[in-house]
Amino acid sequence: MDFKEILNEIAEETKELEGKGKVANYIPALAQVSGNQFGMALLAADGELFEWGDSQTNFSMQSISKVLTLTIAFREIGSEVWERVGREPSGNPFNSLIQLEKERGIPRNPFINAGALVISDILCSRFPNPKEVLLDFVQKRAQNTNIQYDKIVAQSEKEHGYLNSALVNYMKSFGNITNNPEEVLDLYFNQCSLSMNCVDLVKTFSFITHRGFDSNNKERILSRSRSKRLNALMLTCGMYDESGDFAFRVGMPGKSGVGGGIAATIPGKLTMAVWSPELNSFGNSLRGIKAMELFTTKTGMSIF
Ligand code: GLU
């Protein structure tokens, strides 16, 4: 399959979407990003890498990081994770408070903000310096020690993080946060601020494509069974309340972030990342989703 040509076609056919979405502006530091950037990277199973456009421009990972923190929590405490967070799609916006009251402080899944905050709490309990653990994990998977937290983005989010602060405090009132809320938020805002590019992303996510095995470092990260479960969660919950539509149109387990990135996988076959900062009304990259939809349509490769 000529992936290089397919990426060219996708770039051309999605160009008309430029200017039609909106860069996230609720985190002031993200609002500075120029909207017309577009990058793609694809890592095939044989290790061949294909890139297009701004594939090596760093951007804020935001919620894509939730897959990695869940992976670390999963390695640490296994299925005990599910005592504190569910695994059902939420059908609500990523930062919604409403379900938490009805469900007594147990978030629907680890990929909405409330769920990711519980995962941060788990990491805060397990490690004296969880930020270091996460950064090491990401740098190692991507084989890139230049990946860092973006202190400006983390600080900007901290200063405007009233909703995330409400979520964590609310869950604490139900006993589902054990650490100091400030500590949990600090890890969460930093994980979201991780600055990396599409090439870093495909390398980082390739262990999920290879059933839990990081072939770059020859290291097992998750068992096959846990990797399968991570894929299932990405498919059902990875795109907030647009997860069903993403499965319908694209057919890949994926995870988006409000920085405009999306990482997705076809298990056993390839890892794909796209970045375009302009978002649709669900907080997902408008051009990024279309690019992935065209990719599975043109190649006939989806998980279904
Ligand atoms: N840092 C963002 C927040 O908590 C992450 C949102 C996202 O990427 O979905 O609001």
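S215 contributes atom OG, which lies 11.5 Å from atom CZ of F207 (distance to the nearest 0.5 angstrom). Rounding to the nearest 0.5 Å gives a distance of 13.5 Å between OH of Y188 and NZ of K158. Taking NZ of K269 as the start and CG of L42 as the end, the distance is 13.0 Å to the nearest 0.5 Å. Atom-to-atom distance recorded for I112:CD1 and Q99:CD is 6.0 Å, nearest 0.5 angstrom. Atom-to-atom distance recorded for N176:CG and R84:CZ is 5.0 Å, nearest 0.5 angstrom. Note that the OG atom of S120 and the CD1 atom of I72 stand 10.5 Å from one another [nearest 0.5 Å].
The side-chain tip of R141 points at the ring of F137 from less than 6.0 angstrom away and within 45° of straight on.
Under the 4.0 Å criterion applied to side-chain N and carboxylate O atoms, E278 and K20 are not assigned as salt-bridge partners.
Qualifying side-chain hydrogen bond (donor to acceptor under 3.5 Å, both in side chains) partners for Q37, counting only residues two or more places apart in sequence or in other chains: none. For the side chain to side chain contact (heavy atoms under 4.5 Å, CB included) test, residues two or more places apart in sequence or in another chain that qualify with N180 are E182, E183. The side-chain hydrogen bond (donor to acceptor under 3.5 Å, both in side chains) check on S156 picks up nothing, with sequence neighbours excluded. Taking S256 as the reference, N284 meet the side-chain hydrogen bond (donor to acceptor under 3.5 Å, both in side chains) condition, with sequence neighbours excluded. Residues passing the salt bridge (charged side-chain N to carboxylate O under 4.0 Å, His left out) test with E293, sequence neighbours excluded: R249, K290. A search for salt bridge (charged side-chain N to carboxylate O under 4.0 Å, His left out) contacts involving R108 returns E103, not counting sequence neighbours.
The closest side-chain heavy-atom distance from Q191 to L68 is not below 4.5 Å. Using a 4.5 Å heavy-atom cutoff, the side chains of F246 and P253 are not in contact. Taking 4.5 Å as the limit, every side-chain heavy atom of T57 sits out of range of all side-chain heavy atoms of N197. When side chains are defined from C-beta on, M196 does not count as touching N144, because their heavy atoms never get closer than 4.5 Å. Side chains of V118 and V81 form no contact here, defined as non-hydrogen atoms less than 4.5 Å apart.
One hydrophobic cluster, built from ILVMFWY side chains closer than 4.5 Å, holds both L201 and V67.
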Run the side chain to side chain contact (heavy atoms under 4.5 Å, CB included) check on F127 and E76 step by step: do they pass?
CA-CA 10 Å; F127 304 108; E76 286 295 309; 3.5 Å; yes
Output, in order, the C-alpha distance, side-chain angles, deciding distance and verdict of side chain to side chain contact (heavy atoms under 4.5 Å, CB included) for V250 and M239.
CA-CA 12 Å; V250 178; M239 312 292 292; over 6 Å; no
Salt bridge (charged side-chain N to carboxylate O under 4.0 Å, His left out) between D121 and K172, worked out:
CA-CA 10 Å; D121 185 61; K172 189 150 177 91; over 6 Å; no
Do C198 and M40 pass the side chain to side chain contact (heavy atoms under 4.5 Å, CB included) test, and can you show the C-alpha distance, the side-chain angles, and the key distance before you say yes or no?
CA-CA 6 Å; C198 289; M40 295 185 274; 5.8 Å; no
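When only modelled atom types and interatomic distance are considered, N113 and N95 share no side-chain donor-acceptor pair under 3.5 Å. Side-chain atoms of N179 and S125 include a donor-acceptor pair closer than 3.5 Å. In the model, T209 has a side-chain atom that pairs as donor or acceptor with a side-chain atom of T271 under 3.5 Å. For the residue pair K140 and N216, no side-chain donor N or O sits within less than 3.5 Å of a side-chain acceptor on the partner.
Residues K66 and T69 share a closest heavy-atom pair of O-OG1, 3.3 Å. Minimum interatomic distance between L187 and C124 (heavy atoms only, all atoms of both residues): CD2-SG, 4.1 Å. Contact between A11 and F38 at its shortest, heavy atoms only, is CA-CE2, 3.9 Å. Nearest heavy-atom pair across S243 and C237 is OG-C, 3.3 Å.
Surrounding CD of E9 are more than 12 heavy atoms belonging to other residues, nucleotides or ligands, all under 6.0 Å away.
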